[in-house]
Structures are given as structure tokens and as C-alpha cells.
Amino acid sequence: MAETPDVRTARLQVNDPLGPRVVLIDKPVFRIGRKSESDLRSVGTDVSREHAEIVRLDDGRFLLKDRGSRCGTFVNDEQVTERPLRHKDKIRLGRSGSAEMVFLADDGTTDSRLSHASGLVDLRPLTTLLDRLRGLGSSRVLDEVLVLVMDSAIDATGAERGFIMLANAKGELEFTIARARGKVTLSGKSFETSQKIPQEVFATGQERIVADLRDADLAGQHLGTVALGIRHVLCTPLRVVRYVERTATEADQRPIGVLYLDSREKGQLMSPAARGALESVAGEAASAIESARLAAEIQRALLPDPLQSGPHFDVAAASIPCRSIGGDFFDYFNLAGDQFAFTLGDVAGKGPPAALLTAMIQGAFAAQVTSTDSPAALMAHINRTLIRRAIQSRFVTVMYGVLAPDGRLTYSNAGHNPPMLFGKSGVRRLETGGLILGLFPHATYEEETLQLEGGDTLVVFSDGVTEALNAAGDEFGEERLLPCIEAHRGSTPEVLLDRILATVRTFAASAVQNDDVTALVLRYGKR
């Protein structure tokens, strides 16, 4: 008879391109897939947008159901449509093994490496909270840092809501994120409050505590906040502490922003314990935020000047990460004989691990492009390089092409979205190549050579373009991309690129995106 799991402890020990973690199965129907609204989101190569679900039955057992996925759902290496789950069952989404998990249904211990990375850490104990924040600078990107900091601060102090403002390059405070109890994100427009307190705290570097905004000398300055019933405010500076060279102990404190909290009820927010906890959180948070911002700046510096031209071409490209650090990239190379080479890729996952792999791949391309005339041979070399590195569950899709002065375009496509070539005879998709890079040791690659005519335009893009979502959950798709390109084909590559990105942005509107948006437009010949 199958053992009955404890619904309080049933969980999944996950290993996929987003990294190892442990996730509670805390809903009657727990959905798994690539879709951003999934209870467990995975971006493995074979993962469908709505891949599978785990249903908690009335008797306490759990039932795994495939939701019509493209590449199947497997339990203990057997493909299933439905299967009751037992403790330590191994679940795989698709055939490649890029997204795997273990179902755990007792109170036994999990892999310590996964427990450390789990998103289920209880943030109430301050020591646990600080441990999480100390690791953020190297393991999370800015958006995730800000969310964790805000939720941590609200949880530690009992506040009802809060926000973070960070200083821009001009030293002016800008609104970045607002959250409420229950891990709810608030928009800047909906966060009614006076700017006087945060501006004062940033300027003076001193914490500000307001016991009651209805006091006569304050009420007139905070009418909007008082009208909402907000009475109690706690605002603290975010300062980065750096030790300077003059002495071993001398330190320099630089303000980077403020953390603001407020509440209707006095409760825990005004207690000395809450204030002490917030002070500790703010110190660790400032370092984590600064590290994440620096990482984003470094990655931007690795990309080339997006606009380039030569005697026989013009090109424009852009990459917009969905978080501070992304996994998409593009690069250009000037080769012998006035040949121009270009590449655009999409690394699985997000954040620092994807960014590090991106930098490594860019370096591998730069080191090898001059040593081979064959795009297919170059793809095979990069694949072997990634395999030797043995970066678990990390892979990349890449398009690489070489354009000669006479219009010969030779390319190889390693599992990437087929670029679109627009010419007098219509639209052609460039699909010749092979498998994604980094997963299959014996993969082979092909290349194709096309003869371009003056005015022919090539559009290369990542799946963040076609899979951009609107508020209704609809994808942008090629059916919207194609008309946009056709409407602006006569424009320069820079203008055409801007129109593509603007059209995607308008379609997505306020919907949160979960993938980087990268595109490259190359035109052969001069107009």
C-alpha cells in the first residue's frame, strides 16, 4: 500500500537550468511549466509552458498528471500520463534530463546543497535572514535582491508595506520597488506617500522614526498618507561600507538609497527589536544591491557597440534583460577579407550563472573565429568546449553567420529561433545547423551559404521576442513580428530594430516578463 505523504512537508527537490532548489507543494493543484504563472517555473529544453501538475487527493496522496506536454513527463524513467507519487520518486520533464526533480513526502533531510538554495527559507529568524542577504551579492540579481530585501524587512518589523528608492547616476532618488504583507507587489503610482521623509533620510544619512503622522507639525506634509490611515513610519538609509586604503580599519560609508516602511497599527514596527533588525537588514541589503548593480554594469560592458557598419553592410542590435543580469548576448567580429561575422545567443537560465556562461561563450567565440572559416566547425568547437566544462544543466542556443563583401552569407544555427531573411523573393527562415550547444557530446553541425542581394535584411532574435507575454498571457509570436518587420523594412537597421522592440514593449505593456529580449538587424549593401 502506498505511503500517505504528509501534506505539510510534501515538496520537490528540483535541479534545472534555473538552479537547484526545494519547493513546497502548497496548493491542491500545483502547476509546473515554463509559463511565468506556474507554481514551479522551469526553463529546461523540453519543458512546455503548461507541462504537468501535481494534484493533492482527498486521502492525502499526490497524483502527477501530464498536461499534454510536447516532450512528455517521466517518473522513474517511465513516461506517464498520470501516476500516484511515492516518496523519492524521480520526475523528469521531457527526455533531455535538463529539468529533473525528486518528490519528497516525509520529514527526512534533503540534499544540503539544495536546501541552501531553497526559496523556502523562513525569514523570521534574523540570523537566517542575514545569511540569505550575505549570499545575494553573488547568487541573485538585482530584482530578486530587492524583492527579498523588502519581504525580509516587512517580515522582520511587522510593517504593512514598504518601498526602496535607489540613487541614480545623478545622485537623485528613484522609486524601484514596493511590497506589502503577503509578498504582494505594489506599483509606484498606487503607493501614496510623501517624499519628504525618504529625501530627508537620504540627505542626512540618519534613520527617521515617526510615531504618529497625525502630529500637528507633520500632518500637513503627509495628507495623502494620513488619509489612507497610515500612522507609523520607519525609514532607514541604505549605506555601502567600504574600507579605504589609509588604514586597515578606516571605513567610508556611501549612501545608495533608502528603505521605507509604514503601518496603520503601531504593533511591532515601533519596537526596539524591529528597529534593530531593520538596521542589520539594511546594512546587508545595501551590499547585496550594490553587488547586483555592479554585475549588471560589467555584463553591459561585455557587449559591443550595438551599431556598426562597413562598406557592404549596416547592423544594429540590442539586448534587454528581464532582470538586471541576463543570459542573452550578441557580438560582432571583423575577419580577414573584409568579412563581417556576427552571433546572437540565448543561455539557459537567468542571473549570474547564466551571465558567467555568457561571458565564457563570448570569449570562446572571440578566441576561435579567426582560426576557422567554417561556421559549422566553430559550432562544434564551442560545443566541445562547453561539454568539457561540465556545467550541469547549462546550455545555449546560438546563431552564427559570416557575411562576405560579395553578399555570400554562410551561417550555422545551433538550436536557435530561425532568423528571418527578407528579400525580393519573400521571407526565408535560416534553420540549417544542429542541436543546442553544451548538452550533447557527439552533436554534429551543418552550415549553409546563401547569396544576398542589395537591400536584403536579416532579423535575428531570441525567444524573448516571440514569447513576450501580455497581461492576458498571450504570446507576441511570429504572427505579430512579421507584420512589424514588413511595415518598416525600408528603414535603416537601427530604426527597424527600434520598431521591433517598441512593438514588443507595447504588446507586453505592464505584464512582467520572464525572458530577455534580444534582436539583431543586418542589411546587406548600401541604400
Side-chain angles (χ1 to χ4, degrees), residues 45 302-304 308-315 317 328-348 357-391 394-423 428-453 456-462 518-525:
T45 50
L302 293 175
L303 296 176
Q308 292 197 23
S309 62
H312 59 288
F313 73 90
D314 290 293
V315 65
D328 285 6
F329 67 91
F330 64 89
D331 215 340
Y332 307 138
F333 310 97
N334 294 310
L335 306 181
D338 289 332
Q339 295 185 105
F340 176 72
F342 57 94
T343 183
L344 187 149
D346 183 357
V347 171
L357 183 56
T358 296
M360 187 184 79
I361 293 169
Q362 286 182 268
F365 267 100
Q368 293 296 321
V369 290
T370 58
S371 62
T372 176
D373 295 328
S374 167
L378 178 58
M379 290 297 197
H381 176 85
I382 301 296
N383 185 58
R384 291 192 297 270
T385 298
L386 295 180
I387 295 295
R388 285 198 303 270
R389 297 286 183 179
I391 302 176
R394 294 289 173 187
F395 56 88
V396 59
T397 66
V398 178
M399 163 67 182
Y400 173 75
V402 180
L403 178 64
D406 62 3
R408 285 180 296 112
L409 172 65
T410 305
Y411 76 91
S412 184
N413 185 340
H416 198 74
N417 299 77
M420 299 179 183
L421 178 61
F422 292 79
R428 177 172 180 174
R429 289 170 173 78
L430 309 190
E431 299 178 304
T432 301
L435 298 170
I436 57 179
L437 304 179
L439 282 184
F440 305 102
H442 305 295
T444 59
Y445 297 88
E446 299 177 346
E447 63 187 49
E448 181 182 17
T449 298
L450 305 173
Q451 182 62 52
L452 303 191
E453 299 180 5
D456 283 1
T457 301
L458 178 67
V459 179
V460 190
F461 53 92
S462 68
T518 303
L520 179 152
V521 177
L522 174 70
R523 172 166 293 139
Y524 172 64

Looking only at atom types and distance, does a side-chain atom of Asn413 sit under 3.5 Å from a main-chain N or O of Leu430, one as donor and one as acceptor? yes
One pair to check against side chain to side chain contact (heavy atoms under 4.5 Å, CB included): Leu386 and Ile361. What are the steps and the verdict? CA-CA 8 Å; Leu386 295 180; Ile361 293 169; 3.9 Å; yes
Please name all residues satisfying salt bridge (Lys or Arg N to Asp or Glu O under 4.0 Å) with Glu431, sequence neighbours left out, ordered by chain then number. none
All side chain to side chain donor-acceptor pair (under 3.5 Å) counterparts of Ser412, not counting sequence neighbours: none
With sequence neighbours excluded, tell me which residues meet side chain to side chain donor-acceptor pair (under 3.5 Å) with Gln368. Ser371, His381
In short, Pro419 meets Leu458 closest at the heavy-atom pair CB-CD1, 3.9 Å
Sort and list the pairs that fulfil salt bridge (Lys or Arg N to Asp or Glu O under 4.0 Å) and have at least one residue in residues 397-418, not counting sequence neighbours. Asp406-Arg408
Donor-acceptor list for residues 437-446 side chains, cut-off 3.5 Å, not counting sequence neighbours:
residue : atom : partner : partner atom : Å
Tyr445  : OH   : Leu435  : O            : 3.1
Tyr445  : OH   : Ile436  : O            : 3.4

Identified ring-ring contact (aromatic ring centres under 6.0 Å, His included) partner of Tyr400 from the options Phe365, Phe342, Phe329, Phe330: Phe365
Once you round to the nearest 0.5 Å, how far does CD of Glu453 lie from OH of Tyr524? 9.5 Å
The test is side chain to side chain contact (heavy atoms under 4.5 Å, CB included); show your working for Arg428 and Leu450 and say whether it passes. CA-CA 11 Å; Arg428 177 172 180 174; Leu450 305 173; 3.2 Å; yes
Which residues share a side-chain contact (heavy atoms from CB on, under 4.5 Å) with Thr370, sequence neighbours left out: Leu335
What one should report as the nearest heavy-atom pair of His416 and Phe461 is NE2-O, 2.8 Å
Please list all pairs passing the salt bridge (Lys or Arg N to Asp or Glu O under 4.0 Å) test where one or both residues lie in residues 369-387, with sequence neighbours left out. none
Minimal non-hydrogen separation, Ile382 against Ala364, with atom names: CD1-CB, 3.5 Å
CA sep, side-chain torsions, deciding dist, call: Tyr411, Glu448, side chain to side chain donor-acceptor pair (under 3.5 Å): CA-CA 6 Å; Tyr411 76 91; Glu448 181 182 17; 2.4 Å; yes
Using the test side chain to side chain donor-acceptor pair (under 3.5 Å), find all partners of Glu447 that sit at least two apart in sequence or belong to another chain. Ser374
Can you list every pair that meets side-chain hydrogen bond (donor to acceptor under 3.5 Å, both in side chains) and has a residue in residues 332-344, with sequence neighbours left out? none
Please report the closest heavy-atom contact between Ala377 and Thr372, naming both atoms and the distance. CB-OG1, 3.8 Å
Kindly write out the residues that satisfy side-chain contact (heavy atoms from CB on, under 4.5 Å) with Ala366, not counting sequence neighbours, or none if the list is empty. Phe333
For Thr410, check side chain to side chain donor-acceptor pair (under 3.5 Å) against everything at least two apart and list the hits. Thr449
Minimum heavy-atom separation for Asp314 and Ser309, please, with both atom names. OD1-CB, 2.9 Å
Please test Asp328 against Thr518 for side chain to side chain donor-acceptor pair (under 3.5 Å), starting from the C-alpha separation and ending with a verdict. CA-CA 7 Å; Asp328 285 6; Thr518 303; 2.8 Å; yes
Between Ser462 and Asp346, what is the shortest heavy-atom contact and its length? CB-OD2, 4.3 Å
